[in-house]
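Step one of this worksheet: look at the structure below.
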2 protein chains.
Amino acid sequence: MSDFRIRSKTWLEVDGKPFLGDGRFRLLSAIQRNGSINAAAKDLGLSYRKAWAQLKAMEESSPFLLLERRTGGTGGGASLLTDETVELLKRFEKLRDQVNRKADQCFATCFAEESAHADA
Amino acid sequence: MSDFRIRSKTWLEVDGKPFLGDGRFRLLSAIQRNGSINAAAKDLGLSYRKAWAQLKAMEESSPFLLLERRTGGTGGGASLLTDETVELLKRFEKLRDQVNRKADQCFATCFAEESAHADA
DNA sequence: TGTCGTTGTGCGTGATTTGCATAACGGTAA
DNA sequence: TTACCGTTATGCAAATCACGCACAACGACA
């Protein structure tokens with residue numbers, strides 16, 4: 001009964017539609033690091049097309065502006081996360097980590113043959 | 001910041017491949033209720049083809065026999081969960097509910113404007 | 001005014017999913 | 001023994017979806 005591993009995903013929704021999950025979290029983080037959607041996509045090994053589609057989906061249901069885009073100009077353009085987005089990422093990361101940790105705990109309790117209580 | 005709802009999924013893997021998640025849990029439960037794959041599929045509103053594919057995928061990585069199948073005979077045939085599968089479903093349901101409950105708690109903590117600590 | 005690297009988008013191609021159609025099976029009853 | 005019935009099991013064509021190439025628009029700076 002214990003050949004299993006547990007996995008879990010946590011994400012936020014708006015109006016029943018997916019808003020922010022792990023993939024989009026990584027994308028936004030990469031934009032923050034790299035300063036542009038294009039560089040972020042390359043960084044993560046995904047196509048600009050796909051990254052752009054994810055951002056569009058997010059923006060369609062976001063209650064606030066996600067990022068400032070600049071087309072043309074020095075460097076060809078750039079994209080910058082808003083303060084609210086940076087704050088959102090922080091909260092989401094904390095939430096996700098807490099849930100993952102709890103999932104591991106529950107798994108140990110429900111599926112281990114003989115489990116001493118872990119107190120991590 | 002609080003137009004969001006939290007969602008989470010929990011599932012089991014074997015050898016890095018998805019084994020038991022919410023959809024397959026519902027399928028197996030429906031087989032238990034209905035006594036056949038066909039009736040279970042109708043019950044859930046999915047095609048027999050798809051239900052069968054899910055079972056096949058599970059069986060390819062399952063450490064034990066999932067269900068007994070009978071082709072032909074009275075009623076045309078039938079399918080019955082093994083005792084181990086019934087036990088697995090119980091444990092998974094418990095695990096899933098615990099993780100979901102914890103996710104709701106964490107969400108309240110991380111995203112509520114002013115949150116008194118909930119102690120459910 | 002030309003250059004450059006962005007953002008933004010149309011569209012053809014390939015992969016994946018879906019569902020229809022059909023074969024095989026075996027208890028039961030005639 | 002044989003026909004019947006509803007199930008398990010599967011091949012295959014059609015539809016749907018995802019991917020990524022190719023290209024247009026943009027604007028600060030030299």
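Note that the structure is a prediction, hence the values are computed from the model and not measured. Residue numbering restarts at 1 for every chain, and letters A, B, ... go by the order of the sequence lines.
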Practice problem: Test side chain to side chain donor-acceptor pair (under 3.5 Å) on B:Ser8 and B:Asn100 and set out the steps. | Solution: CA-CA 7 Å; B:Ser8 62; B:Asn100 282 344; 3.0 Å; yes
Between [atom2] on [N] and [atom1] on [X], what's the gap in Å once rounded to a whole number?
X	N	atom1	atom2	answer
A:Leu66	C:dT7	CG	C1'	16 Å
A:Glu68	C:dT6	CD	P	19 Å
B:Asn38	C:dA21	CG	P	16 Å

Self-check item: CA sep, side-chain torsions, deciding dist, call: B:Tyr48, B:Lys42, side-chain contact (heavy atoms from CB on, under 4.5 Å)
Solution: CA-CA 8 Å; B:Tyr48 176 85; B:Lys42 281 191 179 68; over 6 Å; no
Going by an N to O cut-off under 4.0 Å, is there a salt bridge joining [X] and [Y]?
X	Y	value
B:Arg5	A:Glu13	no
A:Arg101	A:Asp97	no
A:Asp22	A:Lys9	no

Self-check item: Single-linkage hydrophobic cluster B:Trp11~A:Ile6, side-chain heavy atoms < 4.5 angstrom
Solution: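 No; A:Ile6 is not reachable from B:Trp11 via cluster members.
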Quiz item: Is any side-chain nitrogen or oxygen of B:Thr74 closer than 4.0 Å to OP1 or OP2 of D:dG6?
Solution: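 For D:dG6, neither OP1 nor OP2 has a side-chain N or O of B:Thr74 closer than 4.0 Å.
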Quiz item: Does a side-chain N or O from A:Arg70 land closer than 4.0 Å to OP1 or OP2 of C:dT6, or not?
Solution: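 No, because none of the side-chain N or O atoms of A:Arg70 sits under 4.0 Å from OP1 or OP2 of C:dT6.
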Exercise. With DNA chain D as reference, determine whether B:Tyr48 or A:Gly75 sits nearer its 5' end, using the nearest nucleotide of each.
Key: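 Per heavy-atom nearest nucleotide, the more 5' residue is B:Tyr48.
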Quiz item: In terms of side-chain heavy atoms of A:Trp52, which of D:dC29, D:dA9, C:dG8 is nearest?
Solution: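 Of all the options, the side chain of A:Trp52 is nearest to C:dG8.
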Quiz prompt | Nearest to side-chain heavy atoms of A:Ile37, which nucleotide of D:dT7, C:dG8, D:dT10 | solution =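 Nearest nucleotide to the side chain: C:dG8.
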Extract from the structure each pairing of a protein N or O with an N or O of nucleotides 17-25 of chain D at less than 3.5 Å, listing the distance.
from   : atom 1 : to      : atom 2 : distance (Å)
D:dC19 : OP1    : A:Lys50 : NZ     : 3.0

Self-check item: Within residues 67-76 of chain A or reaching into it, pairs that qualify as salt bridge (charged side-chain N to carboxylate O under 4.0 Å, His left out) - sequence neighbours excluded
Solution: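 Non-adjacent pairs meeting salt bridge (charged side-chain N to carboxylate O under 4.0 Å, His left out): A:Glu59-A:Arg69.
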Quiz prompt | Angle between terminal axes - the helix from C:dT1-D:dA30 to C:dA30-D:dT1, 5 pairs each end, rounded to 10° | solution =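 It works out to 10° between the end axes.
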Self-check item: 4.5 Å side-chain heavy-atom contact, B:Leu88 and B:Glu84
Solution: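 With C-beta onward as the side chain, the pair stays apart.
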Quiz prompt | Aromatic A:Phe19 / basic A:Arg24 pairing, under 6.0 angstrom, 45° off normal | solution =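 No, A:Arg24 and A:Phe19 do not form such a contact.
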